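Since the structure is predicted, the reported quantities are computational estimates derived from the model, not experimental observations.
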Amino acid sequence: GEEEGPRKISYNQLRDMTLRIANGLRDLKSGDRVMIYMPMIPEAGAAMLASSWLGLVHSVVFSGFGVGALRTRIEDAKPSVIITSEYTVRRGKRIPLKEIAEEAVKGTNVKLITLGRGSIPFERENLDPYPSRSEDPLFILYTSGTTGKPKGVVHNVGSYSVWAYAHVRWLFNLQEGAFLSTSDVGWINGHSYSLYGSLLNGGNVVWYEGAPDFPSYERLWEIMEKERVKFLWTAPTLVRLLMKNGEIKGSYDLKLKIVVTAGELLGSDAYDWLVRNTNAKKVFEVWGQTENSGYIASSGGEILGLLPIKKGSVGLPLPSIDVSVVDEEGNPLPPGKPGYVIVKSPS
């Protein structure tokens, strides 16, 4: 984080944190919603895992959102509890998350639980995990709502877990080294890469709380060198933000094997900048959406093998995915003709 040095959390410690938070939620019944409005701290991940441990349905809200956005999601998801923190830190300023959450729940019966950095106000109880069925809901995650109000996408326990394991396995060999994902847990990439997919693969994942270009635009390079990061997932928006400062001027001993971007078109200039400044063995784009639970098209990956990487291309649909390009009437179009992308068979 911006204010504190690194915390290293083992799988056993994460289990302990999860069970302590689960103890604080034990009065809820399976299917109840738990909203999580927290910074990128380990307690946020433990709160997500505690929810799934009890058969609850979590809905993570990006900590950069304010009262209005949080209230809209509360009214739609109808959570019993909101888990929050006193504050998050961004660009050297403390943003009062708890105060925002208190304002958002006014006039409702939603209970607030506050977790701090290294501070969970519950004792551990060795609760048995709820025997969820494959088709039970695991979480609700809201799309950004570029048209109309935000839409809650529901992912189920079995289908999400299998795909989170499989596509992260295909893309990265997480047994080889640390994985840094710059996505907040408030987004689908944060769910799949910062938490579920990485843990299911036994990976070592690096989280960062704060602005990735503060106090220096080389902040991520400092972290990647120190933690000996092998795999990086990031967004083109962040790459273009860093590019404004020119080339990375520091001399960093990076060990990157794969750098992957998703979220929007990377573009040729940003692609070349990433190649020059990360010195990664492979840099390529992937495509997926909140609805898909992760990426569904790629040039391949560390385990799957790689196709020739072509700038501006997201490769091919992954195994089990059937994608087509159609016109407005739904008729298939030949290569070279622009149209609408449809997914005929999900994972």
Side-chain angles (χ1 to χ4, degrees), residues 62 141-155 159-160 163-164 166-168 170-172 181-184 186-193 197 232-244 258-278 280 282-347:
F62 173 47
L141 188 59
Y142 286 85
T143 61
S144 53
T146 49
T147 55
K149 69 176 186 178
K151 303 160 193 69
V153 175
V154 180
H155 280 296
S159 55
Y160 175 79
W163 191 247
H167 84 269
V168 171
W170 289 337
L171 183 58
F172 307 112
S181 168
T182 63
S183 178
D184 187 277
W187 310 117
I188 188 64
N189 294 315
H191 282 52
S192 296
Y193 308 137
L232 171 67
W233 183 97
T234 193
T237 306
L238 174 57
V239 176
R240 283 190 274 276
L241 173 68
L242 299 177
M243 283 174 64
K244 292 179 180 179
I258 288 180
V259 174
V260 171
T261 72
E264 60 181 341
L265 182 69
L266 181 62
S268 182
D269 290 346
Y271 177 90
D272 291 341
W273 186 92
L274 263 183
V275 170
R276 289 194 307 271
N277 287 281
T278 62
K282 299 290 182 183
V283 178
F284 55 92
E285 298 179 68
V286 299
W287 175 64
Q289 294 173 293
T290 305
E291 294 86 343
N292 308 130
S293 80
Y295 88 107
I296 60 172
S298 169
S299 294
E302 184 72 359
I303 298 296
L304 200 61
L306 280 161
L307 299 167
I309 294 169
K310 177 183 174 184
K311 291 183 192 179
S313 170
V314 293
L316 296 174
L318 289 169
S320 79
I321 306 291
D322 188 4
V323 171
S324 185
V325 178
V326 301
D327 62 19
E328 290 191 358
E329 284 72 47
N331 301 310
L333 291 169
K337 293 287 186 181
Y340 297 91
V341 177
I342 61 169
V343 181
K344 294 190 289 184
S345 171
S347 58

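- For the atom pair Ser299 OG and Leu306 CG, the distance stands at 7.0 Å (nearest 0.5 Å).
- The side-chain heavy atoms of Arg240 and Pro236, taken from C-beta on, include a pair separated by under 4.5 Å.
- To the nearest 0.5 Å, atoms CD1 (Ile296) and OG (Ser320) are separated by 9.5 Å.
- Partner of Val259 under the side-chain contact (heavy atoms from CB on, under 4.5 Å) criterion, out of Val239, Asn277, Thr278: Thr278 alone.
- Panel note: side chain His191, backbone Ser293; no donor-acceptor pair is recorded below 3.5 Å.
- By the 30° and 60° cut-offs, the orientation of the rings of Trp233 relative to Tyr193 is tilted.
- Between the side chain of Asn292 and the backbone N or O of Gly294 there is no donor-acceptor pair closer than 3.5 Å.
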field: Leu241/Leu238 under side-chain contact (heavy atoms from CB on, under 4.5 Å): CA gap, chis, key distance, verdict
entry: CA-CA 5 Å; Leu241 173 68; Leu238 174 57; 4.1 Å; yes
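- Residues Trp170 and Leu318 are in side-chain contact: their nearest non-hydrogen atoms beyond the backbone lie under 4.5 Å apart.
- Qualifying side-chain contact (heavy atoms from CB on, under 4.5 Å) partners for Leu307, counting only residues two or more places apart in sequence or in other chains: Leu316.
- Of the residues listed (Tyr160, Trp163, Trp187), the one engaging Ser192 in a side chain to side chain donor-acceptor pair (under 3.5 Å) is Tyr160, and it is the only one.
- The shortest heavy-atom contact between Ala270 and Met243 is CA-SD, 3.5 Å.
- With sequence neighbours left out, Tyr271 forms a ring pair (Phe, Tyr, Trp, His ring centres under 6.0 Å) with no residue at all.
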- request: Kindly determine whether Thr261 and Leu274 satisfy side-chain contact (heavy atoms from CB on, under 4.5 Å), including the steps that lead there.
  value: CA-CA 10 Å; Thr261 72; Leu274 263 183; 3.7 Å; yes
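- Scanning for side-chain contact (heavy atoms from CB on, under 4.5 Å) contacts around Pro317 gives Ile321, Val323, with sequence neighbours left out.
- In plain terms, the two heavy atoms of Ser298 and Gly300 that are nearest each other are OG-O, 2.7 Å.
- Residues in residues 285-328 take part in these ring-ring contact (aromatic ring centres under 6.0 Å, His included) pairs, two or more places apart or across chains: His167-Tyr295.
- Applying the salt bridge (Lys or Arg N to Asp or Glu O under 4.0 Å) test to residues at least two apart or on different chains, the pairs with a partner in residues 285-303 are Lys257-Glu302.
- Residues in residues 308-321 take part in these salt bridge (Lys or Arg N to Asp or Glu O under 4.0 Å) pairs, two or more places apart or across chains: Asp272-Lys311.
- In this structure, the separation between CD1 on Ile188 and OG on Ser183 is 9.0 Å, given to the nearest 0.5 Å.
- Across Asp327 and Glu329, no two heavy atoms sit closer than the pair OD1-N, 2.9 Å.
- Partner of Lys282 under the side-chain contact (heavy atoms from CB on, under 4.5 Å) criterion, out of Val260, Ile309, Val275: Ile309 alone.
- Residues Val283 and Ile258 have side chains not in contact (no heavy-atom distance under 4.5 Å, counting atoms from C-beta outward).
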